[in-house]
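This report concerns only the one structure given below.
Computed from a predicted model, the values in this text were never measured in an experiment.
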Amino acid sequence: SIDVALGAMAGAAFFATILDVHLRPTGLLSLGITVWIIYTTDHLFDARRIRNHASSERHRFHQRNFGLMTGLMAAAVLVDLILMFFIRKQVFVSGLVLSSAVVTYLFFQRYFKYVKELAAAILYTCGILLPALSLNQNPISWQMVLLFFQFGMTAFINLLLFSQMERNNDLRDHQHSLVTQGGEKLSSRMIVFSFFIQVLVAIPLLLAV
């Protein structure tokens with residue numbers, strides 16, 4: 001999940017730049033570590049729930065190295081707690097609010113089924129936008145709102161594509177997702193529809209340039 005953490009840091013830096021907000025390096029590092037902790041926790045939960053040998057390499061890795069990954073995650077949590085002392089108050093308070101939603105998702109995501117990818121995309125997008133929006137003091141334009149929406153849609157499409165690629169493994173391991181619950185045809189239509197929405201949203205953005 002290191003690539004996901006680095007992507008989150010890059011996304012947060014991107015939105016901070018276009019909103020003309022200065023983010024401290026400690027804030028970006030804390031975001032990356034937090035995203036890694038969330039993803040690793042999710043994978044460890046899945047690895048623990050799968051009673052037999054996992055079908056996917058990702059889950060097999062966390063099964064084989066459950067103790068090591070748990071220890072690394074505990075160390076990451078400790079580092080993250082230290083970094084929080086260097087985070088601006090606005091970002092810290094907003095992060096606490098979002099963390100409650102993330103904890104709820106981690107504990108109950110297996111019951112979400114049809115909305116698992118959507119919930120994950122919303123939480124991921126909120127996490128990326130949180131540092132810049134917490135510190136922003138300027139009005140948010142409609143173009144910026146559309147850009148936020150596009151980012152969230154991109155995350156949603158990405159999660160659907162990964163779920164499609166993991167469909168057979170998830171079915172064997174009894175893992176729930178929109179793809180396993182609704183079928184490949186429904187998820188494919190959702191992906192095409194989401195791309196279509198992306199194009200529609202891009203038109204006014206391009207015309208406003």
Nearest 0.5 Å, what's the [atom1]-[atom2] distance between [X] and [Y]?
X: Ile33; Y: Leu81; atom1: CD1; atom2: CG; answer: 10.5 Å
X: Leu68; Y: His62; atom1: CG; atom2: NE2; answer: 10.0 Å
X: Leu135; Y: Asp20; atom1: CG; atom2: CG; answer: 12.0 Å
X: Met69; Y: His43; atom1: CE; atom2: NE2; answer: 8.5 Å
X: Ser94; Y: Leu129; atom1: OG; atom2: CG; answer: 11.5 Å
X: Leu118; Y: Leu123; atom1: CG; atom2: CG; answer: 9.5 Å

Of Asp80, Asp42, Val102, the one forming a side-chain contact (heavy atoms from CB on, under 4.5 Å) with Ile37 is Asp80
Among Leu72, Leu6, Leu31, exactly one meets side-chain contact (heavy atoms from CB on, under 4.5 Å) together with Trp36. Which residue is that?
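Per the side-chain contact (heavy atoms from CB on, under 4.5 Å) rule, the option paired with Trp36 is Leu72, out of Leu72, Leu6, Leu31.
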Are the side chains of [X] and [Y] in touch, meaning some heavy atoms are under 4.5 Å apart?
X: Ile18; Y: Met144; answer: yes
X: Leu159; Y: Tyr124; answer: no
X: Leu19; Y: Asn138; answer: no
X: Phe61; Y: Arg58; answer: no
X: Met190; Y: Phe156; answer: yes
X: Thr125; Y: Thr154; answer: no
X: Leu29; Y: Pro25; answer: no
X: Phe195; Y: Met153; answer: no

[X] [atom1]: over 12 foreign heavy atoms closer than 6.0 Å:
X: Glu57; atom1: CD; value: yes
X: Phe86; atom1: CZ; value: no
X: Ile140; atom1: CD1; value: yes
X: Arg48; atom1: CZ; value: no

[X] versus [Y], closest heavy-atom pair with distance:
X: Ile87; Y: Gly27; value: CG1-CA, 4.4 Å
X: Ser188; Y: Gln164; value: OG-NE2, 2.8 Å
X: Arg88; Y: His22; value: NH1-O, 3.0 Å
X: Val91; Y: Pro131; value: CG2-O, 4.1 Å
X: Gly11; Y: Ile128; value: C-CG2, 3.5 Å
X: Leu23; Y: Ala12; value: CD1-O, 3.7 Å

If you group Ile, Leu, Val, Met, Phe, Trp and Tyr by side-chain heavy-atom gaps below 4.5 Å, do [X] and [Y] land in one group?
X: Phe162; Y: Ile2; answer: no
X: Val35; Y: Phe107; answer: yes
X: Leu28; Y: Val93; answer: no
X: Ile197; Y: Val145; answer: no
X: Leu146; Y: Ile157; answer: no

Could you work out, with side-chain hydrogen bond (donor to acceptor under 3.5 Å, both in side chains) as the rule, every residue matching Thr40, not counting sequence neighbours?
none
Give the intermediate values and the outcome of side-chain contact (heavy atoms from CB on, under 4.5 Å) for residues Tyr105 and Ile122.
CA-CA 11 Å; Tyr105 169 80; Ile122 292 173; over 6 Å; no
Return a table of donor-acceptor pairs under 3.5 angstrom between the side chains of residues 199-209 and protein atoms on other chains or two or more places apart.
none

Are the side chain of Thr70 and the backbone of Phe66 linked by a donor-acceptor contact shorter than 3.5 Å?
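Yes: the side chain of Thr70 pairs with the backbone of Phe66.
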Please, which pairs that meet ring pair (Phe, Tyr, Trp, His ring centres under 6.0 Å) have at least one residue in residues 131-152, sequence neighbours excluded?
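Listed once each, the pairs are Phe15-Phe148, Phe15-Phe151.
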